[in-house]
Amino acid sequence: MSVNDTLTNEERLAELDLDTLKQLVGLVEYDSGGDPFPVTGWDAIVWAVGNATQTSHFFQSAFGMELIAYSGPETGNRDHMSYVLKSGAIRFVVQGGVDPDSPLIAHHARHGDGITDIALAVPDVDKCVAHARAQGAKILEEPHDVTDEHGTVRIAAIATYGDTRHTLVNRDRYTGPYLPGYVTRTSSRPAKKRIFQALDHIVGNVELGAMDEWVDFYNRVMGFTNMAEFIGDDIATDYSALMSKVVASGNHRVKFPLNEPALGKKKSQIDEYLEFYRGPGAQHLALATNDILRAVDEMVAAGVEFLNTPDSYYEDAELRERIGNVRVPIEELQKRGILVDRDEDGYLLQIFTKPTGDRPTVFFEMIERHGSLGFGKGNFKALFEAIEREQAKRGNF
Ligand code: TYF
Ligand code: FE
C-alpha cells in the first residue's frame, strides 16, 4: 500500500495517525491493489446555502471550525462566495450565490441549505473515472488539471443520488489553501479548540424502492463493500419507517448509510426529507470527536439544539446491563441526552442535532467511538422516537 492511499494530506496536516483514525472512525486493513476505484478518504463537503457569509460564521462559532480559504468577488469570482472551513482532517466548503443568475441560487431555491458535493480524495482520478464510465456512471466533469502558482490539482466529477455529486480530487502536487481560485483567509475571531477531528459517515436519503439500486451503484461503480449494519423490514414496520443499508470504501474511511422510506404508522422522516429537499440528498453528517461531553457543552453554549432523550432511556435496567462500563458516568450522558450503544467490538457514544437549517432536512450527529464499528443500532428506537416528537411539532402525525 503506498503512502498516498493510507492518509489524506489533510489527515497528515492535522497530525492524525492511523491509530487515532482507527479509534475515531474505525478503519480496516485492506489491499488497495485489487480495488477498481481506490478512495483514500474525504476531500471536502461542499454546501449550497442561502447566506455563505453567515453559515461560515455559524460553523466557526458553533462547530469550532477554522476559516482557511475564500473565493468571491474580491478574488475575481463574481458568481458566488465560497468559504473553506476546517476541523482536524475535514473541510467544509460553504457556497452562496452573489450573481442573482448563479446556478447556486437556483439550487438553493429548490433544495434549501444542503450538500451539493461529497468530494473524495483518490490517488488516481483517471483510473476511477475510467472504471465509473465502464460501469455506466454519469460523468459530470472529465478528468482535468487545474493549476495556479501553488501547483496542480487533478479533478473529475461523477453524479450520485439526486443533484448530489462526487468530485474526485488528487492534490498531491498542490500546496495552496484549497483549490486554484481560492486565497488564504483567516478569521479575526479567536480560534477555538477544535470540537471534532474527522468525518465518520454521511447518510443519503433516496426514494422509496431505490435503496438497493444505490447500494448497487456504490458496489459496482465505486467498488464500495456492504457493512453488516442495516435497518430491515422488522425494525421499519415497528417504529422507524425507514430502511437502511451501509456501504463503505475499502479502508472504511468513507461510509455511506443509505435510507429509503418505509410505510409506517406515521409519515416517514425520510418522506419528510424528500418532500422538503425536493428529492434525494445527504441527510446527516456524523462528526467524530474524542470528547463528546465537551463537544456537546460547547455546541449547546453556542446555541446548537440537540434532540432530547427521555430519562427513561437511562433508567432502563436493561440498558445499563447492555452497555456495561463506559468512560464517563451515565449521569453525565443523561445530563446531555447522549446515547450509548455496545456491540461485540466495543461501544460508541452519539447524539443528534435538530435540523440546522430552515427546512427539516440536514442535521448532524456527534459520535465518539470506542471500538464499535456500528452506527448505534441499539439506539434506533430511542432516536426515531425523538425524531418523531420533532416531526409532530412540525405537524406530521
Ligand atoms: O447513521 C446511522 O445509521 C445512524 C442512525 O434517518 C440513523 O446515525 C439512521 C437513519 C436516520 C437517522 C439516524
Ligand atoms: Fe449516523
Side-chain angles (χ1 to χ4, degrees), residues 24-26 42 45 90 114-115 118 161 196 198-208 210-211 214-215 218 224 226-248 252 254-262 264 266-277 280-289 292 295 306-309 313 337-343 347-356 359-369 372-391 396:
L24 277 169
V25 304
W42 311 97
I45 309 308
I90 193 66
I115 292 169
I118 301 169
Y161 47 76
F196 58 94
L199 178 59
D200 189 272
H201 59 270
I202 300 186
V203 180
N205 282 345
V206 299
E207 276 140 345
L208 181 67
M211 177 183 67
W214 285 106
V215 168
Y218 282 105
F224 281 35
N226 295 358
M227 291 184 73
E229 194 136 306
F230 60 91
I231 304 176
D233 284 314
D234 48 337
I235 307 179
T237 45
D238 280 351
Y239 51 77
S240 78
L242 67 89
M243 304 229 272
S244 178
K245 286 182 184 167
V246 185
V247 295
H252 282 202
V254 173
K255 295 174 294 241
F256 292 139
L258 295 159
N259 297 334
E260 70 175 22
K266 298 175 187 148
K267 176 179 188 160
S268 171
Q269 50 162 305
I270 311 305
D271 278 321
E272 189 187 28
Y273 177 103
L274 294 169
E275 179 183 331
F276 281 92
Y277 197 73
Q283 177 218 39
H284 78 261
L285 288 82
L287 306 174
T289 175
I292 199 170
F306 288 92
L307 295 179
N308 298 313
T309 307
Y313 173 87
I338 296 169
L339 305 167
V340 47
D341 194 28
R342 185 178 284 279
D343 57 29
Y347 70 95
L348 62 79
L349 306 173
Q350 64 184 172
I351 188 168
F352 297 82
T353 70
K354 296 180 184 177
T356 46
R359 300 190 194 184
T361 53
V362 185
F363 59 88
F364 292 88
E365 169 183 358
M366 306 306 295
I367 184 166
E368 182 183 311
R369 291 188 185 276
S372 169
L373 304 173
F375 294 81
K377 206 183 183 70
N379 292 323
F380 287 167
K381 184 171 191 298
L383 169 63
F384 297 145
E385 284 169 355
I387 292 176
E388 283 172 12
R389 285 194 295 276
E390 296 302 315
Q391 283 186 280
N396 294 308

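Counting convention: from 1, in listed order, for ligands and their atoms alike. Since the model is a prediction, treat every value here as computed from it, not as a measurement.
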Distance to 0.1 Å, residue and atom name: give those for the protein heavy atom nearest to atom 9 (C) of ligand 1. F384 CZ, 3.9 Å
Measure the shortest side-chain to side-chain distance between F196 and I90 over non-hydrogen atoms and say whether it is less than 4.5 angstrom. yes
Measure the distance from atom 5 (C) of ligand 1 to every protein heavy atom, then report the residue, atom name and distance (to 0.1 Å) of the closest one. F380 CE2, 3.4 Å
Are the side chain of E260 and the backbone of M211 linked by a donor-acceptor contact shorter than 3.5 Å? yes
Which protein heavy atom lies closest to atom 4 (C) of ligand 1, and at what distance to 0.1 Å? F375 O, 3.5 Å
With sequence neighbours left out, write down each residue that passes side chain to side chain contact (heavy atoms under 4.5 Å, CB included) with Q283, or none if nothing qualifies. V203, N205, N259, Q269, I270, Y273, F363
Residues at least two apart in sequence or cross-chain that pass side chain to side chain donor-acceptor pair (under 3.5 Å) with D341, listed by chain then number, are R322
Which pair of non-hydrogen atoms, one from V206 and one from P261, has the smallest distance, and what is that distance? O-CD, 3.3 Å
Per-atom contacts, ligand 1 versus V203 - under 4.0 Å to a heavy atom: 1 (O)
What is the nearest protein non-hydrogen atom to atom 8 (O) of ligand 1, stated with its residue, atom name and distance? E365 OE1, 3.0 Å
Side chain to side chain contact (heavy atoms under 4.5 Å, CB included) between V340 and Y313, worked out: CA-CA 10 Å; V340 47; Y313 173 87; 4.1 Å; yes
Tell me the contacting part of N259 for ligand 1: side chain, backbone, both, or neither, using a 4.0 Å heavy-atom threshold, strictly below. side chain
Do the non-hydrogen side-chain atoms of F352 and I387 ever get within less than 4.5 Å of each other? no
Does S244 use its side chain to pair, donor to acceptor, with the backbone of P257 at less than 3.5 Å? no
Backbone, side chain, both or neither: what part of L383 comes under 4.0 angstrom of ligand 1, heavy atoms only? side chain
At the Fe ion (ligand 2): angle between H284 atom NE2 and E365 atom OE1, to 10 degrees: 90°
Heavy-atom distances under 4.0 Å decide this one: backbone, side chain, both or neither, for L242 against ligand 1? side chain
Enumerated ligand 1 atoms positioned under 4.0 Å from heavy atoms of Q269: 6 (O), 11 (C)
Does the residue E229 have a heavy-atom contact with ligand 1, meaning some pair of atoms that are separated by less than 4.0 Å? no
If you have a sec, work out which protein heavy atom is nearest atom 6 (O) of ligand 1 and how many Å separate them, to one decimal? Q283 NE2, 2.7 Å
